[in-house]
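Have a look at the structure below, then the notes.
All residue numbers refer to positions in the sequence shown, counting from 1. The structure presented is a predicted model; accordingly, all values stated were derived computationally and were not measured. Quick note: numbers below take in every heavy atom, side chains included, and nothing from hydrogens, waters or symmetry partners.
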Amino acid sequence: MTQDISATTPGAPPQESPGGAAPDPKRRLAFAVVLIAGFMDLVDTTVVNVTVPSIQRDLHADYAQIEWVIAAYVLSFAALLILSGRLGDIFGRKRVFLIGMAGFTVASLLCGVAVNPEMLIVSRFLQGAAAGLMVTQILAILHVVFPPAERGKAVAVFGAVTGSSAVFGLALGGLLVQWNLFGWEWRPIFLVNVPVGIAALIAGALVIRESRAPQRPKLDLLGMPLALAAVVLLVYPLTEGRRLGWPAWTYGMLAGALVLLAVFLAYERRRFAKVGSALVEFGVFRSRSFSVGMAVWFLFWIAVGGFFFVWTLFLQQGLGWTPMHAGLTAATFAIGVGIGAGNAPDKLVPKFGRNVLVAGGIVNAIGFIAFAVLVAHYGHSLASWQIIPVHIVSGIGFGLIVAPTLDLLLGQVPGEQAGNASGLLNTVQQLGMALGVALTGVVFFAQVANAAGHATDEATPVLKSALSGAGVTSQSRLLDDFRTCVRQRADSVDPSKVPAGCIESDPKTAAAFGRAVARADSVSYSSGFRTVLLLDAGILVIAAAGFLTLPKHSRPADATAVSTEPTEVTA
């Protein structure tokens with residue numbers, strides 16, 4: 001699941017006019033528009049996860065193509081993070097935001113009318129790129145339209161709402177597929193963006209104020225392709241490596257990404273020294289608190305990114321729930337997010353400061369540990385009413401972190417570096433999620449494979465009893481086929497595919513065979529999910545300890561920056 005820290009990249013952040021000009025009277029309407037944009041983006045990062053079987057069936061897609069449908073969005077979005085912020089600085093944040101919104105709406109329409117997997121993949125690339133243009137302008141727009149006294153709360157509310165919207169994507173996807181509106185199956189998950197996007201585009205054109213950097217920076221024609229290439233080389237093998245079996249070239253790409261990153265950083269330092277303008281400006285790293293906080297933020301998203309990856313996989317493939325059942329149960333996580341995020345910015349952070357983040361990490365870890373205990377105890381019989389309380393606890397911890405962290409970390413850098421810093425945090429978040437998915441995938445599926453023998457032993461008595469009840473006396477072949485089936489399913493990179501060894505043609509035994517396979521899946525997937533939950537809980541505890549290194553409160557950088565910064569160019 002992804003929460004986007006809407007950000008602009010380098011360049012002086014927008015400020016209100018000197019002399020305390022009156023706040024923008026349309027600021028709340030503008031806030032509603034950018035909130036819709038952030039919500040749409042995050043819904044579309046997760047909504048596909050619960051519609052995979054429907055897309056596969058309708059488009060006759062293989063699992064590799066479905067993984068590309070998911071990865072294409074993340075890849076193109078991550079690649080555009082740094083570039084799009086700079087484009088907003090140069091050409092205007094409102095203009096780039098509206099171009100991104102228009103592109104996102106058109107790409108959503110193309111996704112919804114896709115006639116084959118290839119068209120859907122290309123459309124998802126376009127959709128992610130448009131989201132990158134759109135979403136990375138949001139923090140800059142909030143800086144323009146809100147005065148300092150209201151800005152922190154606006155950023156926190158945006159983080160809270162978008163942080164929970166990824167979970168709503170799971171519920172929305174499940175509902176739309178289950179309802180099968182107009183017989184369109186999965187297509188409404190994309191088509192719903194079209195009327196919403198058109199309305200937001202019109203409203204944004206009317207209520208958002210245009211702004212640019214006070215000193216118009218120059219396009220970095222070499223730095224932009226270097227940054228794009230480094231991100232692609234890093235994110236692609238992380239998202240595709242497990243499915244491909246981690247061939248040698250994926251490690252080569254990771255090594256190449258590190259080399260390109262070093263070249264990019266060296267070039268940016270040199271360019272800034274000569275020209276005074278760069279895609280990444282390094283003044284933010286003079287703040288030790290910000291640098292450490294960024295590392296902790298990276299750890300946090302490794303943990304929750306990994307959790308979101310296997311969460312619905314466990315609910316649907318492990319427990320055999322329908323997309324709607326899984327989606328509605330997963331949505332209860334958002335209740336906890338609302339509780340945590342709703343109280344953190346205004347009520348808790350002013351009093352307890354960084355300790356709110358520490359508590360958030362610990363509470364989230366407790367929720368994961370409690371989830372692991374439930375899975376270990378109940379296994380395949382786990383019910384929604386048992387999961388909902390631990391979802392709420394985990395969500396509260398998540399909300400306590402995602403709502404105030406951006407404002408707290410940006411408070412550790414000078415006001416003129418806020419845009420640059422938030423762009424770096426956004427990039428770090430995306431890379432953390434990609435790494436979390438990659439690492440979790442390796443751990444989860446390795447544990448599923450390791451548990452295959454135990455899963456077979458657990459489910460074999462169930463199969464024997466069912467076969468005896470059906471009057472089947474010669475069971476040895478079926479039991480051998482069953483063991484083969486469980487092993488093939490555990491070793492498969494496509495959890496939705498039915499291996500050849502699992503197809504039982506005899507209708508007299510097919511039902512019993514299928515129930516036994518489902519029981520074995522629940523055992524092996526439960527083992528893998530427990531391992532992931534405990535691993536992620538450990539990472540969250542480390543992240544909580546890392547938050548202790550931050551100053552207790554965010555210093556009011558903006559309050560001292562207004563009189564010394566150049567006036568933001570607005571229209």
Test your reading of the model: is there a side-chain donor-acceptor pair from K26 to the backbone of V207, 3.5 Å cut-off? no
Closest non-hydrogen contact found for F77 with G132 is CD1-N, 3.4 Å
Hey, are the side chains of [X] and [Y] touching, using non-hydrogen atoms and a 4.5 Å cut-off?
| X | Y | value |
| --- | --- | --- |
| L357 | P404 | yes |
| L109 | L191 | yes |
| F333 | I387 | no |
| V122 | F125 | no |

Can you check side chain to side chain donor-acceptor pair (under 3.5 Å) on Q56 and Q65, steps first, answer last?
CA-CA 9 Å; Q56 280 187 289; Q65 291 171 318; over 6 Å; no
Counting only pairs under 3.5 Å, give me each side-chain donor-acceptor contact of residues 193-205, with atom names and distances, residues two or more places apart or in other chains.
unit_1: N193; atom_1: ND2; unit_2: D44; atom_2: OD1; d: 3.0
unit_1: N193; atom_1: ND2; unit_2: D44; atom_2: OD2; d: 3.2
unit_1: N193; atom_1: ND2; unit_2: S108; atom_2: OG; d: 3.2

Self-check item: Ring-ring centroid check F444 F314, cutoff 6.0 Å
Solution: no
So H391 and F371, would you call those rings parallel, tilted or perpendicular, with 30° and 60° as cut-offs? perpendicular
Between the CD1 atom in I138 and the CZ atom in R93, the distance rounded to the nearest 0.5 Å is 13.5 Å
**Message:** Before you tell me yes or no, could you show the steps for S123 and F190 under side chain to side chain contact (heavy atoms under 4.5 Å, CB included), namely the whole-Å CA-CA distance, both residues' side-chain angles and the distance that decides it to 0.1 Å?
**Reply:** CA-CA 11 Å; S123 300; F190 297 114; over 6 Å; no
